[in-house]
Protein chains: 2
Amino acid sequence: MDERSGERSGRTQTERLAGAIAEAIVTGVLAPGSRLDEQALADRYGVSRTPVREALRQLGTSGLVEVRPRRGAVVAEVTAGKLAELFVAMAEIEATCARLAAQSMSPLERRRLDALHESMADLARAGDPEAYARANTAFHGSIYAGAHNAVLADFALSLRRRLQPYREVQFRVTGRLARSHMEHGTVVAAILDGRAAEAHAAMLRHVTLVESSVEGLLARERVEEIPAAGPIIGNTRDGTRRRP
Amino acid sequence: MDERSGERSGRTQTERLAGAIAEAIVTGVLAPGSRLDEQALADRYGVSRTPVREALRQLGTSGLVEVRPRRGAVVAEVTAGKLAELFVAMAEIEATCARLAAQSMSPLERRRLDALHESMADLARAGDPEAYARANTAFHGSIYAGAHNAVLADFALSLRRRLQPYREVQFRVTGRLARSHMEHGTVVAAILDGRAAEAHAAMLRHVTLVESSVEGLLARERVEEIPAAGPIIGNTRDGTRRRP
DNA sequence: TCTAACGGCGTTGCATGCAATTTTCGGGAC
DNA sequence: GTCCCGAAAATTGCATGCAACGCCGTTAGA
C-alpha cells in the first residue's frame, strides 16, 4: 500500500498498476468477488483505461484476478475448496524446495539459514506476530533460494503471496509462534544435515499444520473478511452477497 | 493447443492472439530471441496493436515471452541453465502429481489410466513418434488430473507447454519410445497399487531420463532450432546472432 | 582511428473514441 | 406476485492518434 512515492514513473503505468492492484487484493482492501471496473480503477489511479486493462490481464494470468470475456474482471473468489488446493500445492512445492535445498545448499547458505532460524527464537519468545511474520517470509524465501531453481522459487513465491492474508492470521493464535519455530527447527536440522527426505517430510508437515490452523480459524470466525481497512473501490454493486 | 476452428471469434481477439502467438512459439515458428514487433504482429493477424499488446502481457506473465519496458517484447530465450531448471521443476511437479494421484485417484480414473497406458503399447511398438507424443500428452495430463489439484495441474501443464519443443525431439531417438513406455509402466503400476512414494520416485526418474535424453540431443545437434517451418515473422533485425 | 555527442527514425506507452455486447430496468401478460 | 420481453444505460473490446523514449547512424572532436 505504500503508494511508491507517487510520481517516480521509472516503471510503466501498467507495472505500477499491476503492483498496486495486486497489493490491494492481497491486503484485503479489494475483497474477493468484488468487481474491478476498468473506468473506476482508471479514475482511482489517474490514468486511462488502457494500462488498467493491461494490468488486469497480467493479474488474470497469475490467478489473482478472474477476467471473464466481455463481462469484466473480478477479484478471484477463493472458495474453501480452492483454498485447500492452494495450501496443498504450496505444501508440496515448499517441501520440494526443502528437499532440493538439503541437497544443494552451499555451506554459506546453510550457515545463514541456521542463523536466521536462531534469530527467530527471540521473536517467537517475544510473541511479536508482525516481526515474526516478516522473518518467517525471509526464512521460507531463503529455502526457496537454496533450492537453486528459479522456476520453483517463483511459483512458491506466487503461491505464498496469494495465501498471505490467510497465513498471517494464524500467527495470532496463542502458542502458534512457538510451535511454528519448533517445526522450523526440524526442517532446518534436516536441511543442515543434508537429510533430503526428512527435510521434505518436515516441511510438508509444517505447511500442512499451518493449513489446518488457518482452517480452524476460518471455520470459527466464519470467513470474516481479513482485518484490513474498508475497500477503497467499494462497489457492492454486483452484490457480493455472502449468503443469499 | 487445438486451434479451435480458426475464425469462430466466440473468444476475444486478445485470447485468440495469445493462443496463436503461444503456439507459434511452442512449435518453433517464432524462434527464441526473436523480436515481437507489435505492429508486425497486428498486421500479421489483421488487428490493431491494442489486443496484441494485451496478449503479449499475458504471455509475459506465463514466461513464454519476455517483455522489456519500453524496449519491446522478445520470445523468451531458453539458456541451457534455464532449460535444466525447467526440467527439474517439471520432474518435481510431475512426481508430486503422481504421488497425489496414487493417493487419491478414483477407481474409474485408475482404470482409465491403465487403459490409456495399455493402448500406448501398440503405438510404441509401431514406432510412430507423432501419435505416441499425442498419447503421451494425454497420459501425463490424466495424472495431473488424478492429483485432484487444479493449482498443481495448471502449473504442470504450463511447464509442459514451455518444454514441448524440447521434449518432442527425444521421441525420434531410436528405442526411446519403448523405454518411455516401460518407464510409464512402472509409474502406472505404483499409482494403481496406491504406492505413493514409489509413484513419486518412478515419475521423477522418468522425467529426469527424458531430460538427459534431450540434453544429449541438444549437445549433439548444437541447439539446432527445432525442425519447424521458417519464421513467419522473421526479423533477425536485432541480430539474434547465436555466436558473436 | 576511436570516442562521444547529436539528431532522425522507429517503436512503445498511453489517451481517446466508437461499435458491440452485456446488464439493468420498466412494462405487460399470465 | 412472478415471469418474460424489449429498450436504455453501462461496460467492455478494439482502433486510432499522439507524445515520449530507445535505437542507430552521422558527425565533430580528441
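Values in this document were obtained by computation on a predicted structure and should not be read as measured data. The figures that follow rest on heavy atoms only: side chains count, while hydrogens, waters and symmetry mates do not. In what follows, every chain begins at residue 1, and chains take the letters A, B, ... in the order their sequences are listed.
Atom-to-atom, CD of A/Q39 to C1' of D/dA9 comes out at 15 Å; the value is rounded to the nearest Å. Across the protein-nucleic acid pair, B/R16 atom CZ and D/dC14 atom P stand 9 Å apart, rounded to whole Å. One atom, CG of B/L36, and another, P of C/dG10, lie 20 Å apart when rounded to the nearest Å. Rounded to whole Å, atom P of D/dA10 lies 18 Å from atom CG of A/L41. Across the protein-nucleic acid pair, B/L17 atom CG and D/dG13 atom C1' stand 12 Å apart, rounded to whole Å. Rounded to whole Å, the distance from CD on A/E38 to P on D/dC14 is 11 Å. One atom, CZ of B/R68, and another, P of D/dG22, lie 12 Å apart when rounded to the nearest Å.
In terms of position along DNA chain C, the nucleotide closest to B/G72 lies nearer the 5' end than the nucleotide closest to the other residue of the pair A/R70 and B/G72.
When each of C/dT11, D/dT11, C/dT22 is scored by its nearest atom to the side-chain atoms of B/D37, the top-ranked nucleotide is C/dT11. For B/R53, the listed nucleotide lying nearest its side chain is C/dC14; candidates were C/dC14, D/dC14, C/dT11.
In this structure, a donor-acceptor pair under 3.5 Å is present between the side chains of B/Y144 and B/R160. Counting only N and O atoms by type, the side chains of B/Q164 and B/R167 include no donor and acceptor under 3.5 Å apart.
Dashed line: the shortest gap from a side-chain N or O of B/T14 to OP1 or OP2 of D/dC14 is under 4.0 Å. OP1 or OP2 of C/dT23 lies within a sub-4.0 Å distance of a side-chain N or O belonging to A/R71. Taking side-chain N and O atoms only, A/R57 has a distance below 4.0 Å to OP1 or OP2 of D/dG13.
Within the 3.5 Å criterion, the main-chain N or O of A/R53 finds no donor-acceptor partner in the side chain of A/E38.
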Can you pull every protein N or O that's under 3.5 Å from an N or O on nucleotides 15-17 of chain C?
{"residue": "C/dA15", "atom": "OP1", "partner": "A/S48", "partner atom": "N", "Å": "3.3"}
{"residue": "C/dA15", "atom": "OP2", "partner": "A/S48", "partner atom": "N", "Å": "2.6"}
{"residue": "C/dA15", "atom": "OP2", "partner": "A/S48", "partner atom": "OG", "Å": "2.4"}
{"residue": "C/dA15", "atom": "O5'", "partner": "A/S48", "partner atom": "OG", "Å": "3.3"}
{"residue": "C/dA15", "atom": "N7", "partner": "A/T50", "partner atom": "OG1", "Å": "3.0"}
{"residue": "C/dT16", "atom": "O4", "partner": "A/T50", "partner atom": "OG1", "Å": "3.2"}

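No more than 12 heavy atoms of other residues, nucleotides or ligands lie within 6.0 Å of CZ in A/R112, so this atom counts as exposed by the packing criterion.
Heavy atoms only, all atoms of each residue included: B/A147 and B/S104 are closest at O-OG, 4.0 Å.
Annotation: side chain of A/R71 is not in contact with side chain of A/R35 (no heavy-atom distance under 4.5 Å).
By the 30° and 60° cut-offs, the orientation of the rings of B/F155 relative to A/F155 is parallel.
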